[in-house]
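Inspection log for the structure reproduced underneath, given as structure tokens.
As a basis for the values below, the full set of heavy atoms in this structure was taken, side chains included, without hydrogen atoms, waters or symmetry mates. We name chains A, B, ... by the order of the sequence lines, and we start the count at 1 in each one.
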Amino acid sequence: MRLYNTMTGKKEDFVPIQEGKVGIYACGVTVYDNCHIGHARSAIVFDVLRQYLKYRGFEVKFVKNFTDVDDKIINRANELGIPWNEVAKKYTEKYYEDMGRLGVEPADVEPKATEHIKEIIDIVKGLIEKGYAYEVDGNVYFEVSKFPEYGKLSKRDTKDMQAGARVEIDERKRNPLDFALWKASKPGEPSWESPWGPGRPGWHIECSAMSMKHLGETFDIHGGGADLIFPHHENELTQSEAFTGKPFVRYWMHNGFITVDKEKMSKSLGNFFTIEEILDKFDPEVVRFFLLQTHYRSPIEFSDEQLREAEASIDRYYVTLRRIEDFIKKAPDTEKSAGSEALEEMLSSFRTKFKEAMDDDLNTALAIGHIFELIREVNRFLDRRPSGQKAKTLVEETKNLLKETGSVLRLFGRTPEQWYRSLMKVKNIGLTEEEILALINERQEARKQKDWAKADSIREELDKKGIILEDKKDGTEWRVKVGG
RNA sequence: GGCGGCGUACCCAAGUGGCUAAGGGAGAGGUCUGCAAAACCUCGAUUCACCGGUUCAAAUCCGGUCGCCGCCUCCA
């Protein structure tokens, strides 16, 4: 398996520290507001990485943190007039709700900054003792000039940065690039006792403390959004390696941004869409598919149109799945071979192709492409009207492979019925299943009498409400119109 | 200014030295159907922003030009 490593700028063979085991740390969110689709992308990308490594037989320990004390949380608490820890609690719960809907599983360990104050203080103390950090008025700063490799992850030179520094000048720092490890608290702010007086952790130290505690001083993979490379991950790496004297992380992985009108989606620009509002209009699987359709490092332009196309793609899957299940249930037992070579060939190479795609830096876009090739092939096969046990076995095998690979992506896991029920909600179809079935029955009667005008008017009526009818040999099936 | 990325059909998108440039959506024609829908078939980039170069061979490597974006400040 090869993974793109931000540190080296190349795809590298993935070799874990301990054979068969992988430790992953992904930066979660600061819980001060609702999550937007960009947060969803990051969560989904690393969820898929985790699932795929498990699929590949690795024993995975996945750690994802919550930043639950921070300036933003404090500001938000003041805005809302509630205690800071309630802000954190509220948005942590919201995170679980949103991500759960998107099929993101909780990590194996989900540490919070406030639960690791002791570990944080120990590291800060250690850094002062080793001469990497200094204290001023209850604040502790990391002295960047003491760490010659500073900038190695984000590929920047401290000289260039100083030249163009627009950093707010903090008189207490020896150098504008120095960053806070510990911040003295003002009255009324959250604070913990420390050797430097009451205070709270700085911006980056929590991730060092939590990752090292749960994964060890050197671990395999560290992930997050590309905007965390600098300064967050650079600083995290610096303080961690200064503290332990060991390499911190073997593979750094960063996902690309979601853009709107080509611009990065962000809180400050106000051009963001929350997960909640998108899920009012689209099924969660659509959102997940939309995000995995593009390689994780590329930017994705957000648009309703693209989401509708993703919806149409997933519908193609469920239409085929229904056809597959129908065939398995109803096909006659009389053996009729019908040119199964192409399908058999594809079945035998499919799993390998899927793995090759995913092994190549988690190329979910290509993997999904392979899935749709198999979908086309099984449709071709079914179009030839085969029957008998051998055909059923092949189709069954196709179904299993689609489910197996889909489940790695946490896609395609429902029944067609569940899919259409969800679409009915999301699209506000003003009909119940019972009403639809009643109209179908009425139409069947008309069809028996060859009253085509009436049959067609019922079809039209349902079509207007977003329900499509499909006449089959043994009855009429309905589904929700998509893509429109 | 420094560093990095991107530009592939109408739209999205994979492909980074060599078989027919994946896949999805939209469109046109066809098969099937009472009519439809779905599915399938055919059509659709002799071409990968542009210009040079390397090579037997380039969308893929090198140089340049144009355009777009990101990071350098909290940010997934």
Side-chain angles (χ1 to χ4, degrees), chain A residues 6 9 11 26-30 32 35-46 70-72 75 151 154-157 159-161 163-168 203 223-232 234 254-259 262-269 272 289-290 293-295 297-301 303 305-306 308-317 319-320 322-323 353 357 360 363-384 447 450-453 455-456 459-460 463 468-472 476-479 481-483:
Chain A
T6 306
K11 285 186 200 172
C27 283
V29 291
T30 301
Y32 75 104
C35 289
H36 59 62
I37 180 90
H39 299 107
R41 183 179 196 188
S42 192
I44 288 172
V45 163
F46 292 103
D70 168 271
D71 288 352
K72 283 193 176 132
N75 293 340
S154 56
K155 314 275 184 292
R156 55 198 81 210
D157 197 305
K159 289 183 199 82
D160 296 338
M161 292 172 68
R166 294 182 283 124
V167 187
E168 202 180 314
W203 304 320
D227 44 6
L228 297 181
I229 296 171
F230 190 90
H232 183 61
E234 190 71 59
H254 294 95
N255 63 273
F257 302 125
I258 308 274
T259 60
K262 299 262 178 186
E263 273 186 316
K264 180 188 168 188
M265 183 182 287
S266 75
K267 282 267 153 92
S268 46
L269 285 168
F272 61 90
F289 184 94
F290 166 72
Q293 224 180 353
T294 301
H295 185 88
R297 283 189 283 118
S298 303
I300 301 182
E301 173 73 11
S303 75
E305 193 196 339
Q306 289 307 315
R308 280 195 298 272
E309 288 182 8
E311 186 179 81
S313 298
I314 295 177
D315 196 58
R316 179 166 161 76
Y317 171 82
V319 166
T320 303
R322 184 146 83 176
R323 196 177 178 201
K353 279 169 142 176
D360 184 14
N363 194 338
T364 53
L366 182 58
I368 288 172
H370 291 324
I371 287 173
F372 279 93
E373 281 171 1
L374 180 55
I375 286 173
R376 191 181 57 207
E377 203 54 59
V378 74
N379 273 316
R380 266 183 197 152
F381 178 64
L382 292 172
D383 271 4
R384 294 195 191 104
R447 292 181 73 210
K450 301 218 190 280
D451 185 351
W452 306 127
D456 288 349
R459 180 197 288 291
E460 225 172 283
D463 185 82
I468 305 265
L469 296 184
E470 290 187 30
D471 293 331
K472 307 234 168 125
T476 296
E477 279 180 339
W478 63 272
R479 64 192 166 78
K481 210 199 299 190
V482 298

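- Rounded to whole Å, the C1' atom of B:G23 lies 14 Å from the corresponding atom of B:U8.
- As the counterpart of B:U47, no nucleotide is assigned, since no Watson-Crick or G-U wobble pattern has both distances under 3.5 Å.
- Between the NE2 atom of A:H254 and the P atom of B:G5 there is a distance of 15 Å, rounded to whole Å.
- Summarising the base pairing, B:G52 is matched to B:C62 through a Watson-Crick or G-U wobble pair whose two defining distances lie under 3.5 Å.
- Remark: the separation of the P atoms in B:G52 and B:G5 is 26 Å, to the nearest Å.
- Using a 4.0 Å heavy-atom cutoff across all strands shown, A:G28 reaches sugar-phosphate atoms only and no base atom.
- A 3.5 Å limit on both hydrogen-bonding distances identifies no Watson-Crick or G-U partner for B:G34.
- Formation of a donor-acceptor pair under 3.5 Å by the A:S313 side chain with backbone atoms of A:E309 is found in this model.
- Contact check for A:K472 versus A:E477: side-chain heavy atoms found under the 4.5 Å cut-off.
- Taking atom CG on A:L228 and atom C1' on B:U73, their separation rounds to 14 Å, with Å as the unit.
- Regarding A:L374, its CG atom lies at a distance of 15 Å from the C1' atom of B:G24, rounded to whole Å.
- Separating the C1' atom of B:G15 from that of B:G7 is a span of 15 Å, rounded to the nearest Å.
- The closest donor-acceptor contact from the side chain of A:N363 to the backbone of A:L366 lies under 3.5 Å.
- Between A:E373 and A:R376, no side-chain nitrogen of the basic residue sits less than 4.0 Å from a carboxylate oxygen of the acidic one, so the salt-bridge criterion is not met.
- Atom NZ of A:K267 and atom P of B:U73 are 21 Å apart (whole Å).
- In this structure, A:I300 reaches neither bases nor backbone, as no heavy-atom distance under 4.0 Å exists between it and the strands shown.
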When you compare the protein's N or O atoms with those of nucleotides 14-19 of chain B, which come within less than 3.5 Å of each other, and at what distance?
from  : atom 1 : to     : atom 2 : distance (Å)
B:A14 : OP1    : A:H295 : N      : 3.0
B:A14 : O3'    : A:N363 : ND2    : 3.0
B:G15 : OP1    : A:N363 : ND2    : 2.8

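- Of the charged side-chain nitrogens involved, at least one lies within less than 4.0 Å of a carboxylate oxygen, so that A:R323 and A:D383 count as a salt-bridged pair.
- Within the nucleic acid shown, A:K72 comes within 4.0 Å of at least one base atom, counting heavy atoms only.
- When the P atom is compared between B:C51 and B:C72, the two are found 36 Å apart, to the nearest whole Å.
- Rounded to an integer number of Å, the gap from CZ of A:R308 to P of B:C12 is 14 Å.
- Taking atom CD1 on A:I229 and atom P on B:G2, their separation rounds to 20 Å, with Å as the unit.
- When side chains are defined from C-beta on, A:R459 counts as touching A:D471, because their heavy atoms get closer than 4.5 Å.
- Look at the C1' atom in both B:G44 and B:A21: the space between them is 14 Å, to the nearest Å.
- B:G27 and B:G63: their C1' atoms are spaced 41 Å apart (whole Å).
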Under 3.5 Å, which N/O atoms of the protein pair with N/O atoms of nucleotides 33-39 of chain B?
from  : atom 1 : to     : atom 2 : distance (Å)
B:G34 : O6     : A:R443 : NH2    : 3.1
B:G34 : O6     : A:R447 : NE     : 3.3
B:G34 : N1     : A:D456 : OD1    : 3.0
B:G34 : N2     : A:D456 : OD1    : 3.0
B:G34 : N2     : A:D456 : OD2    : 2.6
B:C35 : O2     : A:D456 : OD1    : 3.2
B:C35 : N3     : A:R459 : NH2    : 2.8
B:C35 : N4     : A:R459 : NH2    : 3.3
B:C35 : N4     : A:D471 : OD2    : 2.7
B:A36 : N6     : A:D471 : O      : 3.2
B:A36 : N1     : A:D471 : N      : 2.8
B:A36 : N3     : A:R459 : NH1    : 3.1
B:A36 : N3     : A:R459 : NH2    : 3.0
B:A37 : O2'    : A:R479 : NH2    : 2.6
B:A39 : OP1    : A:R316 : NH1    : 3.3
B:A39 : O3'    : A:N379 : ND2    : 3.4
B:A39 : O2'    : A:R323 : NH1    : 3.0
B:A39 : O2'    : A:D383 : OD1    : 3.1
B:A39 : O2'    : A:D383 : OD2    : 3.0

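- Rounded to whole Å, the distance from CD on A:E377 to P on B:C40 is 10 Å.
- To the nearest 0.5 Å, atom OG1 of residue A:T259 and atom CE of residue A:M265 are 8.0 Å apart.
- A:G38 comes within 4.0 angstrom of a base, heavy atoms only.
- Residues satisfying the salt bridge (Lys or Arg N to Asp or Glu O under 4.0 Å) test with A:E234, not counting sequence neighbours, are none.
- Nucleotide B:G1 forms a Watson-Crick or G-U wobble pair with B:C72, both donor-acceptor distances falling under 3.5 Å.
- Distance check, rounded to the nearest 0.5 Å: CG of A:D456 to CZ of A:R447 gives 9.5 Å.
- One P atom belongs to B:C74, the other to B:U47, and the distance between them is 49 Å to the nearest Å.
- Judged by Watson-Crick or G-U wobble contacts below 3.5 Å, the nucleotide B:U8 has B:G15 as its partner.
- Look at the P atom in both B:C71 and B:G64: the space between them is 25 Å, to the nearest Å.
- Judged by distance alone with a 3.5 Å cut-off, a donor-acceptor contact links the side chain of A:E309 to the base of B:G24.
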Under-3.5 Å N/O pairs linking protein and nucleotides 67-71 of chain B:
from  : atom 1 : to     : atom 2 : distance (Å)
B:C69 : O3'    : A:K262 : O      : 3.4
B:C71 : OP1    : A:K264 : NZ     : 3.2
B:C71 : O2'    : A:R156 : NH2    : 3.2

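- Listed by chain and number, the residues in a side chain to side chain donor-acceptor pair (under 3.5 Å) with A:E305 amount to none (sequence neighbours excluded).
- Using bins of under 30°, 30° to 60° and over 60° for the plane-to-plane angle, the ring pair A:F272/A:H36 lands in the tilted bin.
- Exactly one of A:K264, A:R41, A:K267 qualifies for a salt bridge (Lys or Arg N to Asp or Glu O under 4.0 Å) with A:D227. That residue is A:K264.
- Closest approach of A:R479 to A:D315, counting heavy atoms only: NH1-OD2, 3.5 Å.
- Between A:E305 atom CD and B:C12 atom P there is a gap of 8 Å when expressed in whole angstrom units.
- For A:T364, there are no side chain to side chain donor-acceptor pair (under 3.5 Å) partners at least two apart in sequence or on another chain.
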